[in-house]
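Small disclaimer: the values here were computed from a predicted structure and weren't measured.
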Amino acid sequence: MKLQNKFDLLKDEAEDLDVNDVCERLTNTILDCALETAGKKDPQKIDKISKETFEMMKKRREMKNTIGIQHIEYTELCKTIRKRMTNEILAHSPKMIQKTLED
């Protein structure tokens, strides 16, 4: 009902405004009514990658910044991180599907 009343007000004012102003007011009206009706929901942080993998990434950054990096150790760490990230991201999708089905 609120939306209908706001549209009636907008219709009366639309005769004196140009197209861009009407479009902007229409968009603002719809957004305001949607916010009043549904409210605002904060986005949830999704943990696709484990804390251990983040720690390994931190170690890799530190190794990269040191002057005489051990090339073999750095390369092996990079390979391990890539494999872990791939496995963790691929494992995340079925978990989210299962969670959605349960809810």
**OP:** Could you tell me which residues satisfy side chain to side chain donor-acceptor pair (under 3.5 Å) with Glu102, sequence neighbours excluded, listed by chain and number?
**Re:** Gln98
**OP:** Answer yes or no: does atom CD1 of Ile72 have more than 12 heavy-atom neighbours from other residues, nucleotides or ligands under 6.0 Å?
**Re:** no
Original post:
Is there a side-chain contact between Arg60 and Lys64 (heavy atoms, below 4.5 Å)?
Top reply: no
Original post:
Side chains of Arg61 and Met57: does their closest heavy-atom pair fall under 4.5 Å?
Top reply: yes
Original post:
Step by step, would you call His92 with Met96 a side chain to side chain contact (heavy atoms under 4.5 Å, CB included)?
Top reply: CA-CA 6 Å; His92 177 73; Met96 290 303 294; 3.2 Å; yes
**OP:** Report yes if the side chains of Lys48 and Met85 come closer than 4.5 Å at any heavy-atom pair, otherwise no.
**Re:** no
**OP:** Without swapping roles, check the side chain of Thr53 against the backbone of Ile49 for a donor-acceptor pair under 3.5 Å.
**Re:** no
**OP:** Can you measure from CG (Leu31) to OG1 (Thr27) and round to the nearest 0.5 angstrom?
**Re:** 6.5 Å
Original post:
Can you tell if the side chain of Arg84 reaches within under 4.5 Å of the side chain of Ser50, non-hydrogen atoms only?
Top reply: yes
**OP:** May I ask you to test the Glu73-Met63 pair for a side-chain heavy-atom distance under 4.5 Å?
**Re:** yes
**OP:** Supply the atom-to-atom distance Lys79 NZ to Lys83 NZ, rounded to the nearest 0.5 angstrom.
**Re:** 7.0 Å
Original post:
Measuring from Ile81:CD1 to Glu55:CD, what's the distance to the nearest 0.5 Å?
Top reply: 11.0 Å
